[in-house]
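Chain identifiers are assigned alphabetically (A, B, ...) following the order of the sequence lines, protein sequences preceding nucleic acid strands; residue numbering begins at 1 within each chain.
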Amino acid sequence: MTELSTRYNPQETEEKWYGHWMDKRYFHSEPDDREPYSIVIPPPNVTGVLHMGHMLNNTIQDILVRKARLEGKNACWVPGTDHASIATEAKVVKQLREKGIKKSDLSREEFLAHAFEWKDKYGGIILDQLKKLGASCDWERTRFTMEPKLSDAVIKVFVDLYNKGKVYRGLRMTNWDPEALTVLSNEEVLYKEENSRLYYLRYAIEGETDSWITIATVRPETILGDAAIAVNPDDERFAHLVGKRAIVPLINRPVPIIADRYVDTEFGTGALKITPAHDMNDYEIGERHGLEVIDVLNDDGTMSEAAQLFVGEDRFTARKLIVKALEAAGHLAKTEDYRNKVGRSERTNAIVEPRLTLQWFVKMKAFGQQALRAVKSGEVKFFPEHFYNMYHSWLNEDNIRDWCISRQLWWGQRIPAWYYEDQIFVAETAEAALEKAREATGKNLSLTDLKQDEDVLDTWFSSQLWPISVFDGFENPEALRYYYPTNVLVTGWDIIFFWVARMVIMGYEYAPELLGEAKAAEGVQPFREVYFTGMVRDKERRKMSKSLGNSPDALALIDRYGADGVRFGMLSSASAGNDIIFDAPFDKETKEVLNESKLCEQGRNFCNKMWNALRLIKGWELADDEPDAVSQLAAQWMEHKLLQTTEKLEQLFAQYRLSEALMTTYKLIWDDFCSWYLEMVKPDYGAPVSAQTVEATVRIFEQLMTLLHPFMPFVTEEIWHQLRSRAEGEDCVVSRYPVSAPYNAAMIGQVEQAKTIVASVREARNAKGIKMKDELNLFAQNDESSQDLLSLNGLKAMIVKMANLAKLEVTGEDVPNSVSFLSGQSKFFLELNQEVDTAEECERLTKELAYQEGFVAQVMKKLGNERFVNNAPEQVVARERQKLADGEAKIKNLKEELAAMGCA
RNA sequence: GGGCAUUUAGCUCAGUUGGUUUAGAGCGCUGCCUUGACAGGGCAGAGGUCACAGGUUCGAAUCCUGUAAUGCCCA
């Protein structure tokens, strides 16, 4: 008897095996003679906790890495985290505030000490969670974008790009976050429709009495920074005013009325106030017309001295106040409710203010072309391909914009630029900058004369170097030469531009010199392939996110279903690039998402199924006998089926059809192995099993475990060890993946046909209410095809066993009191142990005949068409002819049967 | 406004460059089945005019055009 529990318990095994793998350092990679297979993880934020998107993304990477490892490649999956400057700084500032410490009271060094302390405490949480999922990362290689070596690389690259003229400092309209007190990149601003009000304000015309021009604005407080009123040159309503001046209400500043094609005559009144300091478009118009730039806002979003009025008031308070003042002074013509798109900071949710600031930029035009070439040439391949379209729309010359890389934060790599009066000195160290400054000025300056830029670099500026920097490529490219280019990048399409494109650019910029000529000839792209995963969404197709509260708790799911179950659930609904609707239900009353999932449950049940197959085998008593014919056939068939499936899996993996590959493996194990193979070899209750059959079964089972291992690593490792006693180091995780080889397709086909015969018998039993344990007689019509089929050794016995027959014989005569069915071209008669209901049987046969006739008619129509026969490929025509022959034989059989039954 | 994608069974999705017996899977549903590896199970079944309208073709779920709905990206 077996001592194994009837249910598989993931909690017990998962921790045990992960620990074992770690002890054995199976995930660790060092360069050697083997072919490398490398992946760098998309580094999660240090502020993050594991969510469904991470689970999907990392499960996929783990599958690819584990498969490569099983294939004997030197697999290396580099993990790590990203410092996420804005998000982390916001968290640290908040935490300090809770302790009563203000950031402004701290020095930069003190603040960074707090931030690193925070990172050490929380930054590794997500990596620990990935271990629970089974991620086979090389943890000894764990990197962090702000650790010293990676920071050195960032500084080096910044200086180099500056020296090449690809990084510059300039005055630009930028998105200003008045809460975080930093500039944001366009991508960090989220636009959403919000309710607001449109105010119609009238400005007096200078030197005229009771002559007005009315404009419409949603931001009346900004009129204090107005530099002009613009109208469309074609707008006759205002033609007489162009060239005159309007008086800005309350502050009585005269501004010119100008004509510009940008103005939409349909919007508002057709007259537009121009505020170059606070609107992107206005700024451009201002440039064209040489207008003054009046900045009426302070850093923190309060009104500045330049506004003259409401100085020090927050812009929203000022809005209320100015509306009252305007109304009192008779300048408010009317107000309207209005919906417009408002930009908010992704991190702080503050309303973003367009603002003119001095920032650092990367010139993107040429880089963009390089990034496009890399994909167009096929050096970087996208899965699915159509993401090239989105990639192109970001990078093409018309759309691409220079990248603002400075952030007014402390958490990040500080920009290596030093200022002396109006001059800028960019160098890797202060000393080097000083050297340059001395040379340029001819003065004997000291370090205290120079002032370093206060800002840090955008986090993407460091993560763009990730595929190179995690191998310390800038410092010593030896490891890089082995692992680079990485094989594949697995990431979400939402960062195709922010991250994917920039890594490609950096790869082409730096890999050639780092790799050296010989190695670079093999490719300088950071990754050969990119697999884009979809977003994980809920039933209402909303992206799962912490803020919406619609994401199940990843770890709770693992607790409930086991990591294998969750991996199965995630993957079974994930095809490349398509968003996946995760099936977690919501509580009807509380509307909260439940940590449940039908798909994960299916994965858990699958583990249990395999576990019980194991219990079956372990319960067998061995016998010295030769295997019986059925067992021999079963083993042969299963081995060939396995080869056939291996071949199919290779194709699926090559196309990243991982979800299909999983389902294919699932069916091979559940349907073919459990439902058919094991039932075929299973002995009578309590009877022993030929040792050879047991050995064949164990051999097949362990190969199945290796095939499934990349998808469900824990249960497969456990069963692998339960199947045999294993030597030290003989583990499923490092076993050999089955290699495809020629297989006997004809034999597989014959067994498949036998399965349909068994199914037909079962169907007849079901229809007639005949119990499975009642043995029946089955007769095959004596013809070439049935003889051919039944001649396969063991096949007849297999049908007898699986359909629980008393006997299966070939006959030349009609069998009385039987129901018939067709399999292929052969007719079978199942003798009943009860009176046949002739009328019922006639109806069934008539229905079947009608179907076959309809089918044949369609095939004949095709074959009767000369153009089909002449134009279609020979193979296709031959297949149609075969269909016709089969169909006609079936019709003949059915007609004979109907006649024999005496049906009308 | 420009673009990308999606629309196939009650639900979630496959369908590999147009042809593999008049469309497949999983879940759910229906019926039957418990001394036997597994009820987290077994056997079988029902369920789809492939969003709609045109077109190309010997042949269309698959290609083209248009329409509609949904999601996303950009402005």
How many Å lie between [atom1] on [X] and [atom2] on [N], as a whole number?
X: A:F606; N: B:A39; atom1: CZ; atom2: P; answer: 17 Å
X: A:E601; N: B:U12; atom1: CD; atom2: P; answer: 18 Å
X: A:E874; N: B:U20; atom1: CD; atom2: P; answer: 18 Å
X: A:D684; N: B:A37; atom1: CG; atom2: C1'; answer: 16 Å
X: A:Q882; N: B:U20; atom1: CD; atom2: C1'; answer: 12 Å
X: A:R867; N: B:G59; atom1: CZ; atom2: P; answer: 7 Å
X: A:K773; N: B:C43; atom1: NZ; atom2: P; answer: 18 Å
X: A:Y666; N: B:C27; atom1: OH; atom2: C1'; answer: 9 Å

Could you check A:Q602 against A:Y666 for side chain to side chain donor-acceptor pair (under 3.5 Å), going step by step and ending with a plain yes or no?
CA-CA 11 Å; A:Q602 194 187 344; A:Y666 173 85; 3.2 Å; yes
Looking across every strand, which nucleic acid part, if any, lies under 4.0 Å from [X] by heavy atom: base, sugar-phosphate, or nothing?
X: A:R604; answer: base
X: A:Q852; answer: nothing
X: A:K682; answer: base
X: A:A767; answer: nothing
X: A:C607; answer: nothing
X: A:R537; answer: sugar-phosphate
X: A:E660; answer: sugar-phosphate
X: A:R762; answer: sugar-phosphate

Closest to side chain of [X], choosing from [options]:
X: A:K883; options: B:C4, B:U21, B:G45; answer: B:U21
X: A:Q655; options: B:U16, B:C58, B:A25; answer: B:U16
X: A:Q858; options: B:U22, B:G40, B:A5; answer: B:U22
X: A:Q602; options: B:G26, B:C58, B:A37; answer: B:G26
X: A:N389; options: B:C72, B:U20, B:C4; answer: B:C4
X: A:R615; options: B:A44, B:G28, B:A37; answer: B:A37

For the backbone of A:N595 and the side chain of A:R560, can you confirm whether one donor and one acceptor N or O come within less than 3.5 Å of each other?
yes
Donor-acceptor contact present, side-chain A:R765 to main-chain A:V761, <3.5 Å
no
Comparing A:D886 and A:K598 on RNA chain B - which has the more 5′ nearest nucleotide:
A:D886
Establish, with yes or no, whether the OP1 or OP2 oxygen of [N] is under 4.0 angstrom from a side-chain nitrogen or oxygen of [X].
X: A:Y851; N: B:U22; result: yes
X: A:K609; N: B:G42; result: yes
X: A:S675; N: B:C43; result: yes
X: A:N605; N: B:C38; result: no
X: A:R7; N: B:G40; result: yes
X: A:R657; N: B:G15; result: yes
X: A:W670; N: B:G40; result: no

Distance flag, aromatic centroids of A:W403 and A:F498, threshold under 6.0 Å:
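When the ring centroids of A:F498 and A:W403 are compared, they turn out to be at least 6.0 Å apart.
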With rounding to whole Å, what would you report as the distance between [N] and [M] at their [atom1] atoms?
N: B:C72; M: B:U67; atom1: P; answer: 22 Å
N: B:C33; M: B:U49; atom1: C1'; answer: 37 Å
N: B:G59; M: B:U20; atom1: C1'; answer: 15 Å
N: B:G47; M: B:U65; atom1: C1'; answer: 33 Å
N: B:G24; M: B:U8; atom1: C1'; answer: 10 Å
N: B:U6; M: B:A51; atom1: C1'; answer: 11 Å
N: B:G55; M: B:G28; atom1: C1'; answer: 39 Å

Which residue in the set A:F387, A:F532, A:Y531 passes ring pair (Phe, Tyr, Trp, His ring centres under 6.0 Å) when paired with A:F382?
A:F532
Do [X] and [Y] have side-chain atoms, one donor and one acceptor, less than 3.5 Å apart?
X: A:Y8; Y: A:E718; value: no
X: A:S631; Y: A:D628; value: yes
X: A:N612; Y: A:R615; value: yes

CG/A:L708 to CE/A:M610 distance, rounded to the nearest 0.5 angstrom?
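Answer rounded to 0.5 Å: 5.0 Å.
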Gap separating the CD atom of A:E397 from the CG atom of A:L372, nearest 0.5 angstrom:
9.0 Å
Where are the stems of RNA chain B, defined as at least 3 consecutive Watson-Crick or wobble G-U pairs with both distances under 3.5 Å?
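As far as RNA chain B goes, consecutive pairing (with distances under 3.5 Å) yields the stems B:1-7 with B:68-74, B:10-13 with B:24-27, B:29-33 with B:41-45, B:51-55 with B:63-67.
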Polar side-chain contact A:K862-B:C58 base: donor and acceptor under 3.5 Å:
no
